[in-house]
Amino acid sequence: MSDISARQPVTPGNIFKFFTQVPIMIAIILALVAVLDWANFGPIVRFAIEAFLSTLPFLMVAVLLIGYLKATGAEGVIGKAFEGREVQMIFMAALVGGLAPFCSCQVIPFIAGLLTVGAPISAVMAFWLSSPLIDPPTFVITGSVLGWEFAISKAVFAISLGLLGGFGLKFIGKRGALADPLKPSYRKSTCGASKFSSTPKWTFWQEAPRVDVFKTESLNNLKFLGKWLAFAYVLEALLVTYVPASLVAQFVGGEGILPIGLAALVGAPAYLNSYAAVPLVNGLLDQGMSVGAAMSFMIAGSVSSIPAMTAVFSLVKKQIFALYLGLGIGGAILFGTIYQMLVGG
């Protein structure tokens, strides 16, 4: 039972808050599946658990790193390292993101860490946009199924989208939400600013107050990010189970610019993951999807799938969320159109 009812009066607003808490939402969704479709309950739970466990090592590395930086007081030093190097960092973030082995959900803990230590939002966005699009295993799978021309083009577009987003935010400048992109609820769930402003103490375990900060920061970040990633993977399991490829094909078939735009919009709710999407897109191509729409679908789906957006929405302010979503879908349409013009004729 939530402590809301114990501390606050029972009002419609508090009831809404109670039922929008992430663990309760997960329980409600799974309970509905158990009641309405028991045959798929086991596979859905198993899919979500396996997906979460595959992300857990990345999550642990990220939250322990955040805890370490907070405990040592090194976050200020790292923030200063970005000063005067924003352009170089955007290029580096887009390139590294294109090589990083992260899906759209696995990258969230590392994004939280970068934002927490004061990395510029432009460089973070470059990494954020490019990272989910391609990685070495996905590159090989995509090339073997959809052709190496498609795989290489997607890799180029991944880095290009990162650069587009990074330099786009640099051009806008640090104003409003860009100056402080993290959501208040995320800051509230962690300890906020560092308690140590002096020279970093790298061997933090020698001081009890720093050890306490390490434990608190690591645990709070693990709880906050873990529950949202768990929710994201439950949603992904539902999509994998209940969204058939034939339904997607009805929206994204045909030639021209319109299917490319529709593919970008449909990519968000229909996209599964970087591995399952490859045979899905291959089947859609066989059903008449244009190569430009296929590229648009994969780019938009990687960046703006519902599981990814769920995790993003929990982390950053709504203005940053809107920019992320707009860049993902807009970039998908742009690069899908370019690919159609270059390859599809």
Side-chain angles (χ1 to χ4, degrees), residues 47 50-59 61-62 91-111 126-165 229 232-233 236-237 239-240 243 245 248-249 252 260 263-264 267-268 270-287 289-305 307-308 328 331-332 334-336 338-340 342-344:
F47 180 99
E50 290 176 353
F52 182 83
L53 291 178
S54 70
T55 299
L56 187 58
F58 301 107
L59 177 61
V61 170
F91 275 105
M92 183 63 69
L95 289 171
V96 172
L99 298 173
F102 304 133
C103 74
S104 51
C105 290
Q106 289 172 344
V107 74
I108 300 299
F110 293 93
I111 296 301
F127 178 77
W128 206 337
L129 289 169
S130 63
S131 184
L133 293 183
I134 200 73
D135 58 64
T138 304
F139 179 80
V140 173
I141 293 172
T142 302
S144 62
V145 177
L146 301 178
W148 295 107
E149 182 179 62
F150 191 98
I152 293 171
S153 298
K154 187 185 177 190
V156 172
F157 292 150
I159 296 172
S160 300
L161 181 59
L163 294 174
L164 177 66
L229 286 172
Y233 284 128
E236 183 179 12
L239 293 173
V240 170
V243 180
V248 179
V252 297
I260 294 176
Y271 193 82
L272 309 182
N273 57 57
S274 57
Y275 303 112
V278 174
L280 170 61
V281 169
N282 189 45
L284 292 174
L285 287 169
D286 291 338
Q287 296 182 43
M289 178 190 245
S290 69
V291 293
M295 183 64 73
S296 178
F297 177 86
M298 292 196 76
I299 292 175
S302 297
V303 174
S304 58
S305 65
L334 171 64
F335 294 123
I338 291 173
Y339 189 66
Q340 182 68 34
L342 293 176
V343 177

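All residue numbers in this chain count up from 1 along the given sequence. We use all heavy atoms of the structure for the numbers below, so side chains are in, but hydrogens, waters and symmetry mates are not.
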Spacing of [X] atom [atom1] and [Y] atom [atom2] [to the nearest 0.5 Å]:
{"X": "Q340", "Y": "S290", "atom1": "CD", "atom2": "OG", "answer": "4.5 Å"}
{"X": "F297", "Y": "I260", "atom1": "CZ", "atom2": "CD1", "answer": "14.0 Å"}
{"X": "S153", "Y": "I299", "atom1": "OG", "atom2": "CD1", "answer": "9.5 Å"}

With a 3.5 Å distance limit and no angle check, can you tell me whether S54 reaches the backbone of A51 through a side-chain donor-acceptor pair?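 Present.
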_Keeping S296 on the side-chain end and G292 on the backbone end, is there a donor-acceptor pair under 3.5 Å?_
no
Nearest heavy-atom pair of [X] and [Y]: which atoms, and what distance?
{"X": "Y339", "Y": "F157", "answer": "CB-CE1, 3.9 Å"}
{"X": "A300", "Y": "A264", "answer": "CB-O, 3.2 Å"}
{"X": "M295", "Y": "F150", "answer": "CE-O, 3.7 Å"}

Exercise for review: Measure the acute angle between the ring planes of F139 and W148, then classify it against the limits of 30° and 60° as parallel, tilted or perpendicular.
Suggested key: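 It falls in the tilted class, 30° to 60°.
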Residues passing the side chain to side chain contact (heavy atoms under 4.5 Å, CB included) test with L163, sequence neighbours excluded, are I90, F91, A94, I159, F167
Results of side chain to side chain contact (heavy atoms under 4.5 Å, CB included) for A158 - residues two or more places apart only: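 Residues passing side chain to side chain contact (heavy atoms under 4.5 Å, CB included) with A158: L133, I134.
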Handout entry: Those residues that, when tested against F52, pass ring pair (Phe, Tyr, Trp, His ring centres under 6.0 Å) (two or more places apart)
Key =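 By the ring pair (Phe, Tyr, Trp, His ring centres under 6.0 Å) rule, F52 matches no residue at all.
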- Query: Can you check whether L146 reaches K154 side chain to side chain, under 4.5 Å on heavy atoms?
  - Reply: no
